[in-house]
Chemist: 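One structure coming up, written as structure tokens, with questions to follow.
It should be emphasised that the depicted structure is a prediction, and the values quoted were computed from it without experimental measurement.
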Amino acid sequence: MVKNYFIPIISEEKKKEENPRSVEFQVVNFTNKIRRLTSHLELHRKDYLSQRGLRKILGKRQRLLSYLSKKNGIRYKKLIKQ
């Protein structure tokens, strides 16, 4: 049985441009996960484990955004505009 894995195909240029450890990259990844979980929870309202995961991701994203706003306001505003 072959499992379907969500493997993002990223070109070599994007890998060089985006640092996976950067705060912006992490915030974008969390935002994508939040959108995916939100659409899942619209169909499965009683999936409490996914709700808990969503709350944890929301908290992580909020902490990263507050860290970025304290350290570098310009990068924070640029990220929020995107």
Chemist: For F25 and P20, which heavy atoms make the closest approach, and how far apart are they?
Modeler: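 Shortest heavy-atom contact: CD2-CA, 3.3 Å.
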
Chemist: When rounded to the nearest 0.5 angstrom, what distance separates CG in N72 from CD in E24?
Modeler: 8.0 Å

Chemist: Roughly how far apart are F30 CZ and K56 NZ, rounded to 0.5 Å?
Modeler: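 The CZ atom of F30 sits 10.5 Å away from the NZ atom of K56.
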
Chemist: Heavy atoms only: give me the nearest S66-S69 pair and the separation to one decimal.
Modeler: O-OG, 2.8 Å

Chemist: If you round to the nearest 0.5 Å, how far is NZ of K77 from CG of L68?
Modeler: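 Nearest 0.5 Å value for the CG-NZ distance: 12.0 Å.
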
Chemist: For L49, does the CG atom sit with more than 12 other heavy atoms under 6.0 Å from it, leaving out its own atoms?
Modeler: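 No, CG of L49 has 12 or fewer neighbouring heavy atoms, counting only those of other groups under 6.0 Å.
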
Chemist: Is there a donor-acceptor pair closer than 3.5 Å between any side-chain N or O of Q26 and the backbone N or O of L64?
Modeler: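 Checking the backbone N and O of L64 against the side chain of Q26, no donor-acceptor pair under 3.5 Å is found.
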
Chemist: Check step by step if side-chain contact (heavy atoms from CB on, under 4.5 Å) holds for R35 and T31.
Modeler: CA-CA 6 Å; R35 287 182 184 148; T31 303; 3.9 Å; yes

Chemist: Run the side-chain contact (heavy atoms from CB on, under 4.5 Å) check on H44 and S50 step by step: do they pass?
Modeler: CA-CA 9 Å; H44 309 282; S50 293; over 6 Å; no

Chemist: Side chains of S22 and N19: is there a donor and an acceptor less than 3.5 Å apart?
Modeler: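 Absent: no donor and acceptor within the cut-off.
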
Chemist: Over all heavy atoms of both residues, which pair between G53 and L37 is shortest? Give the atoms and the distance, please.
Modeler: C-CD1, 4.3 Å

Chemist: Mind checking the CD1-CZ spacing from I34 to R61? Nearest 0.5 Å is all I need.
Modeler: 3.5 Å

